[in-house]
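All remarks here apply to the structure that follows.
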Amino acid sequence: IDIRIDQALELHHKKAWNEAAGLLFAAWRDLPDTDLRRETVSLYLALTLDELGFSQAAGDLLMELVRARRAPEIMGPALERLDALVRRQRLDGERLVDEVLYAQQLGELPDETHDFVEYHQALGDLRKGFPAWGERRLEALAKQSRHWSYRARHGLAVHRISRGNVEGGEKLLQALLEDGSTPNDVRNDARLALAREAYERKDFEAAFKLYHQVDSPLPLQDVVLLEKAWDRVAARDPRRALGMVVGLGAPVYRRLFAPERHLINAMALRQLCQFRAAHVAVREFRSRYGKLLQKIRRREELVTEPLVQAALE
């Protein structure tokens, strides 16, 4: 089996991903759980699967490696790839915190990887009811000038807004927009947070302007487009809202689970005095989601519902 592993690693380094994946999976399947070689095979299998686009499988393997902590020498590379998966939005940060990182002591790590772990553990503190610990960790991280430092500033801003310090939170978000070194994904999240606050103040034009400045890749703008549609309905600009609802039906947004599109459609049509069309939109919403809403009201299990399963895929 050592020969097969060596062949697989050679193929991996040559970027022959398909061939490497087959050999690595065969070795991973044949090695017993107690064999430490399985940890190395698991790492390279995860890296190879990620290169092939199977990010979910890669993330699961990497999280299991970090959770088990049987081979300290592979913790760094595993966490580095988990960091990359989170940055590319291929892995849910909350799941990573809850299942792997929270309360773990992971030893010496490179600066960027340490920042990644520290940031997510700080979020875990905030979500689990230890705000003083979480804030202290975020404030320390925010003093640096690395990727997760900017994320920490954003996290602090959102946390302060949630605690009622809207002015302090918005000041931090505005500073992120004005700092030319802020990574683009963090800058976009700052714009979104400021837009939502403007919407809550009923400053719909300011909110729309901020939404319009978000420049993430088109497939990632589904929620932005949905919130822009809500903003236009609230601003009594129904024609533009309807255009955005139509846009949400584009193939690039096929993975978006947004039942409220029907409601936006109905409200915009009602503002245009198209009462019959608005009534039809409401009927379509009830026909499609009525049974699901009844289950929600009865607090029944939803994971077996086809609509929910499709949204989670």
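Because the structure is a prediction, the values reported are computed rather than measured.
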Chi angles and distances behind the salt bridge (Lys or Arg N to Asp or Glu O under 4.0 Å) call for Arg187, Asp179
CA-CA 9 Å; Arg187 192 186 305 276; Asp179 187 340; over 6 Å; no
Does anything in [range] pair up under side-chain hydrogen bond (donor to acceptor under 3.5 Å, both in side chains), and if so which pairs, sequence neighbours excluded?
range: residues 289-300; answer: Lys295-Glu305, Arg298-Glu300
range: residues 128-139; answer: Glu118-Arg137, Gln121-Arg137, Asp125-Arg137, Glu135-His159
range: residues 235-246; answer: Arg232-Asp237

Heavy-atom closest contact (Gln144 atom, Ser149 atom, distance):
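The answer is CB-OG, 3.0 Å.
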Tell me which one of Asp50, Asp185, Asp83 satisfies side-chain hydrogen bond (donor to acceptor under 3.5 Å, both in side chains) with Arg88.
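Running side-chain hydrogen bond (donor to acceptor under 3.5 Å, both in side chains) over Asp50, Asp185, Asp83 with Arg88 returns exactly one hit, Asp50.
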Under 30°, 30 to 60°, or over 60°: which ring-plane class applies to Phe116 and Trp148, parallel, tilted or perpendicular?
tilted
Check whether any side-chain heavy atom of [X] lies under 4.5 Å from a side-chain heavy atom of [Y], and answer yes or no.
X: Trp230; Y: Met244; value: no
X: Arg81; Y: Leu47; value: yes
X: Leu138; Y: Leu126; value: yes
X: Pro77; Y: Leu43; value: yes
X: Leu65; Y: Met75; value: no
X: Phe257; Y: Asp222; value: no
X: Val41; Y: Phe25; value: no
X: Leu226; Y: Ile264; value: yes

Can you list everything that forms a salt bridge (Lys or Arg N to Asp or Glu O under 4.0 Å) with Glu197? Sequence neighbours excluded, please.
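Residues passing salt bridge (Lys or Arg N to Asp or Glu O under 4.0 Å) with Glu197: none at all.
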Apply salt bridge (Lys or Arg N to Asp or Glu O under 4.0 Å) to Lys14 and list each qualifying residue two or more places apart in sequence or on a separate chain.
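Partners of Lys14 under the salt bridge (Lys or Arg N to Asp or Glu O under 4.0 Å) test: Glu10.
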List the atom pairs, with distances to 0.1 Å, where a side-chain N or O of residues 163-177 and a protein N or O form a donor-acceptor pair under 3.5 Å, not counting sequence neighbours.
| unit_1 | atom_1 | unit_2 | atom_2 | d |
| --- | --- | --- | --- | --- |
| Asn165 | OD1 | Gly168 | N | 3.0 |
| Glu170 | OE2 | Arg201 | NH1 | 2.7 |

So if you build clusters from Ile, Leu, Val, Met, Phe, Trp, Tyr with side-chain heavy-atom gaps below 4.5 Å, do [X] and [Y] land together?
X: Leu52; Y: Leu91; answer: yes
X: Tyr44; Y: Ile5; answer: yes
X: Leu61; Y: Leu79; answer: yes

Given side-chain contact (heavy atoms from CB on, under 4.5 Å), test Tyr211 with Arg191 step by step and report yes or no.
CA-CA 7 Å; Tyr211 281 127; Arg191 288 174 178 137; over 6 Å; no
Under 3.5 Å, side chain of [X] to main-chain N/O of [Y], donor-acceptor pair present?
X: Ser42; Y: Arg38; answer: yes
X: Arg261; Y: Leu248; answer: yes
X: Arg146; Y: Glu112; answer: no

Aromatic Tyr150 / basic Arg153 pairing, under 6.0 angstrom, 45° off normal
yes
Chi angles and distances behind the salt bridge (Lys or Arg N to Asp or Glu O under 4.0 Å) call for Glu227, Arg196:
CA-CA 9 Å; Glu227 292 187 20; Arg196 288 163 181 165; 2.7 Å; yes
